[in-house]
Amino acid sequence: ILTSLARAHWLTAYQPGAKIDDALARASQFLERAKALTPEDAEVLTMDGHLHLARPDLDLERKQAITEEITAARKAYRHAIRRDETMAEAYFGLGNTHLLQDSGSQEAVVAFEAAAFLLPLDTRIPMAFARLQIGRDNPLQAIPALEYVLRWSATKQQRDAARELMKQLR
């Protein structure tokens, strides 16, 4: 229950008009209580990674702090994956860390592929994978992922974003 409460407050931080700092602080409080009870739980570890990734979104000026948060998020996601190899959300989160700071490692590709295998109908995954490949100047890898989003996405907003990226690639 504590992890669910942490997740609810974390998601609240991304709602329009939300008090981001307050929501993330509450999420952190619930997560710390959950970690005290089940520190090795894959869902707790995944949520820990999400909260580390939420912080760089708030302050892109502080490069060193961002690097530390991304490193901590990657560590939490990797630990979650070791605890539960079917935790698709951890794979997706790990891949997303490379969208913020990409070293060009194969880890991001493998993470997105694992997440897509575990959640084949979640079009956020191929969209993120396409963005990673565009950032790496690999348009031939990005195009099939964007086509998948165009075909299967349930939201007009995501399809429009995929169309825009496709236009940029052509």
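One is the number of the first residue; the rest follow in order along the sequence. Hydrogens, waters and symmetry mates play no part in the numbers below; they use all other heavy atoms, side chains included.
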> Considering only heavy atoms from C-beta outward, does the side chain of Arg151 approach that of Glu147 to under 4.5 Å?
Replying inline: no
> Looking only at heavy atoms, what is the nearest atom pair of Pro144 and Leu140, with distance?
Replying inline: CD-O, 3.2 Å
>> Nearest 0.5 Å, please: how far is OH in Tyr77 from CD1 in Ile70?
In response: 10.5 Å
> Nearest heavy-atom pair of Ala111 and Gly95: which atoms, and what distance?
Replying inline: CB-N, 3.8 Å
> Say you draw a straight line from CD of Gln101 to OG1 of Thr67; how long is it, rounded to the nearest 0.5 Å?
Replying inline: 4.0 Å
> Is a side-chain N or O of Arg131 found less than 3.5 angstrom from the main chain of Leu99, in a donor-acceptor match?
Replying inline: no
> Leu146 versus Leu169: any side-chain heavy-atom pair under 4.5 Å?
Replying inline: yes
> Closest approach of Pro39 and Ala36, non-hydrogen atoms and distance?
Replying inline: CD-O, 4.4 Å
>> To the nearest 0.5 Å, what is the distance between CD1 on Ile143 and CG on Asn138?
In response: 11.0 Å
>> Would Thr38 and Glu43 count as a side chain to side chain contact (heavy atoms under 4.5 Å, CB included) here? Give the steps.
In response: CA-CA 10 Å; Thr38 56; Glu43 191 173 345; over 6 Å; no
> With a 4.5 Å heavy-atom cut-off, do Met166 and Leu150 have their side chains touching?
Replying inline: yes
>> As a test of understanding, state which of Arg124, Gln158, Arg159 forms a side chain to side chain donor-acceptor pair (under 3.5 Å) with Ser153.
In response: Gln158
> Any chain of hydrophobic side-chain contacts (each under 4.5 Å) joining Met127 to Tyr148?
Replying inline: no
>> Tell me if the CD atom of Glu85 is crowded by more than 12 foreign heavy atoms within 6.0 Å.
In response: no
> Angle class for the Phe112/Phe129 ring planes (parallel below 30°, perpendicular above 60°, tilted otherwise)?
Replying inline: perpendicular
> Any side-chain heavy atom of Arg136 within less than 4.5 Å of one from Val109?
Replying inline: yes
> Are Lys35 and Leu31 side-chain neighbours, meaning at least one heavy-atom pair lies under 4.5 Å?
Replying inline: yes
> What distance separates Tyr91 OH from Glu107 CD, expressed to the nearest 0.5 Å?
Replying inline: 11.0 Å
> So how far is it from His98 NE2 to Leu132 CG, rounded to the nearest 0.5 Å?
Replying inline: 8.0 Å
> Do you see a donor-acceptor pair shorter than 3.5 Å between the side chains of Glu68 and His52?
Replying inline: no
> With side chains defined as the heavy atoms from C-beta onward, is the minimum distance between Met47 and Val44 less than 4.5 Å?
Replying inline: no
> Taking atom CG of Leu45 and atom CZ of Arg78, what is their separation to the nearest 0.5 Å?
Replying inline: 13.5 Å
> Is the count of non-hydrogen atoms from other residues, nucleotides or ligands lying under 6.0 Å from Ile1 atom CD1 greater than 12?
Replying inline: no
> Looking only at heavy atoms, what is the nearest atom pair of Ala80 and Ala42, with distance?
Replying inline: CB-O, 3.5 Å
> What do the steps show when you test Thr97 against Leu94 for side chain to side chain contact (heavy atoms under 4.5 Å, CB included), and what is the final call?
Replying inline: CA-CA 5 Å; Thr97 65; Leu94 181 58; 4.1 Å; yes
> Are Ile20 and Leu11 connected in the hydrophobic side-chain network, where two residues link if heavy atoms are under 4.5 Å apart?
Replying inline: yes
>> Set out, in order, the CA-CA distance, both residues' side-chain angles and the distance that settles side chain to side chain contact (heavy atoms under 4.5 Å, CB included) for Leu37 and Arg33, then state yes or no.
In response: CA-CA 7 Å; Leu37 295 173; Arg33 290 171 60 195; 5.9 Å; no
> Taking side chain as C-beta onward, heavy atoms only, is Leu24 less than 4.5 Å from Trp10?
Replying inline: yes
> Which atoms form the tightest heavy-atom contact between Ala115 and Ala88, and what is the distance?
Replying inline: CB-O, 3.8 Å
>> Applying side chain to side chain contact (heavy atoms under 4.5 Å, CB included) to Leu100 and Ile66, what does each step give before you reach the verdict?
In response: CA-CA 9 Å; Leu100 295 172; Ile66 291 169; 5.7 Å; no
>> Other residues, nucleotides and ligands only: do more than 12 of their heavy atoms fall within 6.0 Å of CD on Gln157?
In response: no
> If we only count heavy atoms from C-beta on, is the Met87 to Ile81 side-chain gap below 4.5 Å?
Replying inline: no
